[in-house]
K.L.:
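Structure below; questions to follow.
What's counted below: heavy atoms across the whole structure, side chains too, no hydrogens, waters or symmetry copies. Small disclaimer: the values here were computed from a predicted structure and weren't measured.
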Amino acid sequence: MDRLTAVTKIAELTNSIERHNRLYHEEDRPEISDQEYDQLVRELIELEARFPELAQPDSPTKRVGGAPLPFFEKVVHKTPMLSLGNAFGEDDLRDFDRRVRQAVGSQAVRYVCELKIDGLAVSLHYENGLFVKGATRGDGTTGEDITQNLRTIRSIPLRLSRPLTLEVRGEAYMPKPAFEKLNKEREERGEPLFANPRNSAAGSLRQLDPKIAASRQLDTFIYGIGELQGESVDSHSEGLDLLETLGFKVNQERRVFADIEEVISFINTWTEKRPTLPYEIDGMVIKLDSYAQQQELGFTAKSPRWAIAYKFPAEEAVT
Ligand SMILES: NC(=O)c1cnc(N)c2cc(Br)sc12
């Protein structure tokens, strides 16, 4: 194959792989099997090996990861990763609302409610639109560099739709069907089972060999912006819309309410609907939407005064 043909073939394969990725992740309607998808990636790997100067930095082949690492490097987060205060009942939420309104006075208040995904918190760093580093939350200030493992997660874009430099936060998780399939395979091999999808996601991303993470069908929901250069947004919901346009997978169940009683009713709805989701959640995150109002409330020693995590009661074990 001559170089010009290789350029065309590489572009065709890349576009096809990225299209199938979007169908699989954003629209949940894959047109080809995982095996056919992997075959496309293998063809691209072979072409890039024959014409290395034609390999792109955000090529889908960069997802399969290199050799196992000897250890994980430490990463200091540009902006510390939050931990949230907890609410265990409706009155805790009403107390939270009272504190918020005391601080913002007569200003209108909007709360963004988002499902609290039960996975592993991660931070993703992009430079000029390219995914360059990903890390675990760690202690909130310093995490572990698990870039190689995160690259294998197909819902994490290797290149954003705009060449922005930013750091985002989200949750890497294992969907319930993938968890059940993984444990079934481990049982057949006589290996110890994972206790729940969160442990299996964490266990998969803490592996030094990226081939293991690549085999685990992990997924992500991105829900926060740490650092953002060259763009400004005034509220959390605007930030989520920006994340979506950039190519991140953002959970669609988010809602904005003006009144804490509507938040409580939304939480009660999801307490019932929780088992119908194809991924595990352990509560609801409620955030003050306006960044200006968030700034007015600020932080306690360890968590924001403008957000709270409502924890669902432990799910009844399925007998
Ligand atoms: N949407 C969100 O803000 C969200 C979802 N799921 C989670 N496990 C967490 C944790 C923090 Br801290 S925020 C958050």
Side-chain angles (χ1 to χ4, degrees), residues 81-121 137 140 169-171 173 175-176 196-198 220-225 233-244 249-318:
M81 289 180 70
L82 300 180
S83 65
L84 295 176
N86 288 324
F88 294 97
E90 296 184 2
D91 287 343
D92 292 343
L93 294 169
R94 293 188 181 103
D95 290 345
F96 167 68
D97 178 55
R98 238 189 309 281
R99 292 195 298 273
V100 164
R101 292 183 187 280
Q102 207 157 16
V104 302
S106 59
Q107 293 170 42
V109 160
R110 287 187 320 281
Y111 291 120
V112 185
C113 295
E114 299 169 77
L115 300 182
K116 190 168 180 299
I117 311 303
D118 198 5
L120 184 75
R137 180 180 178 283
R169 276 76 209 264
E171 204 85 359
Y173 68 92
K176 290 177 189 170
N196 53 53
R198 177 171 43 76
T220 57
F221 284 119
I222 303 302
Y223 52 66
I225 297 174
V233 286
D234 298 325
S235 71
H236 179 62
S237 41
E238 253 186 85
L240 293 174
D241 294 343
L242 171 64
L243 289 173
E244 213 158 12
K249 186 171 176 180
V250 179
N251 193 279
Q252 294 303 307
E253 305 304 341
R254 62 187 188 274
R255 294 290 182 279
V256 180
F257 297 113
D259 177 287
I260 198 70
E261 296 308 321
E262 292 171 307
V263 169
I264 290 169
S265 144
F266 186 64
I267 286 172
N268 292 334
T269 302
W270 277 105
T271 304
E272 297 311 311
K273 283 172 67 178
R274 185 180 176 191
T276 66
L277 287 168
Y279 48 86
E280 290 213 336
I281 60 172
D282 60 352
M284 187 73 69
V285 174
I286 300 100
K287 295 176 186 169
L288 199 47
D289 193 23
S290 150
Y291 281 167
Q293 291 180 342
Q294 289 183 9
Q295 219 152 24
E296 281 181 58
L297 273 96
F299 293 75
T300 67
K302 62 184 182 53
S303 54
R305 287 196 183 88
W306 42 265
I308 198 161
Y310 178 85
K311 303 285 280 186
F312 287 148
E315 214 165 8
E316 291 79 49
V318 178

K.L.:
Donor-acceptor check, side chain of Arg94 to backbone of Ile260, threshold 3.5 angstrom: yes or no?
P.N.:
no
K.L.:
To the nearest 0.5 angstrom, please state how far the CH2 atom of Trp306 sits from the OG atom of Ser290.
P.N.:
11.0 Å
K.L.:
Taking the side chain as everything from C-beta on, heavy atoms only, tell me whether Phe312 gets closer than 4.5 Å to Asp282.
P.N.:
no
K.L.:
Evaluate the side-chain contact (heavy atoms from CB on, under 4.5 Å) criterion for residues Gln107 and Gln293: first the C-alpha distance (whole Å), next the side-chain angles of each, then the deciding distance (0.1 Å), finally the verdict.
P.N.:
CA-CA 9 Å; Gln107 293 170 42; Gln293 291 180 342; 2.9 Å; yes
K.L.:
State, to 0.1 Å, how close Ala103 and Leu297 come at their nearest heavy-atom pair, and which atoms those are.
P.N.:
CB-CG, 3.8 Å
K.L.:
What distance do Phe221 atom CZ and Leu243 atom CG have between them, rounded to the nearest 0.5 Å?
P.N.:
13.5 Å
K.L.:
Measure centre to centre between the rings of Phe88 and Tyr310, then say whether the value is under 6.0 Å.
P.N.:
no
K.L.:
To the closest 0.5 Å, what do you measure between NZ (Lys273) and CG (Asn268)?
P.N.:
13.0 Å
K.L.:
Looking at Asp259, Asp234, Asp289, which one forms a salt bridge (charged side-chain N to carboxylate O under 4.0 Å, His left out) with Arg110?
P.N.:
Asp289
K.L.:
Does the side chain of Leu240 come within less than 4.5 Å of Glu244's, by heavy atoms?
P.N.:
no
K.L.:
How long is the straight-line distance from CZ of Arg255 back to SG of Cys113, given to the nearest 0.5 Å?
P.N.:
10.0 Å
K.L.:
If we ignore hydrogens and angles and just use 3.5 Å, is the side chain of Ser303 paired with the main-chain N or O of Phe299 as donor and acceptor?
P.N.:
no
K.L.:
For residues Tyr111 and Phe96, establish whether the separation of their ring centroids is below 6.0 Å.
P.N.:
yes
K.L.:
Taking the side chain as everything from C-beta on, heavy atoms only, tell me whether Asn86 gets closer than 4.5 Å to Lys311.
P.N.:
yes
K.L.:
Give the minimum heavy-atom separation between Val256 and Ser237, together with the two atoms involved.
P.N.:
CG2-CB, 4.3 Å
K.L.:
Do Val233 and Tyr291 come close enough that some side-chain heavy atom pair is under 4.5 Å?
P.N.:
yes
K.L.:
Do the side chain of Lys176 and the main chain of Leu277 share a donor and acceptor less than 3.5 angstrom apart?
P.N.:
yes
K.L.:
Any heavy-atom pair between the side chains of Arg305 and Arg99 that's under 4.5 Å?
P.N.:
no
K.L.:
Check whether any side-chain heavy atom of Asn251 lies under 4.5 Å from a side-chain heavy atom of Glu114, and answer yes or no.
P.N.:
no
K.L.:
Tyr223 pairs by side chain to side chain donor-acceptor pair (under 3.5 Å) with which of Arg169, Lys287, Glu171, Lys116?
P.N.:
Glu171
K.L.:
Rounded to the nearest 0.5 Å, what's the gap from CG on Leu115 to CD on Gln252? Could you check?
P.N.:
11.0 Å
K.L.:
Please report the C-alpha distance between Gln294 and His236 in whole Å, then the side-chain angles of each, then the deciding distance to 0.1 Å, and finally whether the side-chain contact (heavy atoms from CB on, under 4.5 Å) criterion is met.
P.N.:
CA-CA 10 Å; Gln294 289 183 9; His236 179 62; 4.2 Å; yes
K.L.:
Can you confirm whether Pro197 sits close enough to Tyr173 that some side-chain heavy atom of one is under 4.5 Å from a side-chain heavy atom of the other?
P.N.:
no
K.L.:
Where do Ser83 and Pro304 come nearest, in terms of heavy atoms and distance?
P.N.:
O-CD, 3.3 Å
K.L.:
Can any side-chain N or O of Thr220 pair as donor or acceptor with the backbone N or O of Ile222 at less than 3.5 Å?
P.N.:
no
K.L.:
Between Val250 and Asp241, is there a side-chain heavy-atom distance shorter than 4.5 Å?
P.N.:
no
K.L.:
Enter the distance from Leu288:CG to Glu296:CD here, rounded to the nearest 0.5 Å.
P.N.:
8.5 Å
K.L.:
Applying side-chain contact (heavy atoms from CB on, under 4.5 Å), run through Asp118 and Ile281 and close with a yes or a no.
P.N.:
CA-CA 5 Å; Asp118 198 5; Ile281 60 172; 5.7 Å; no
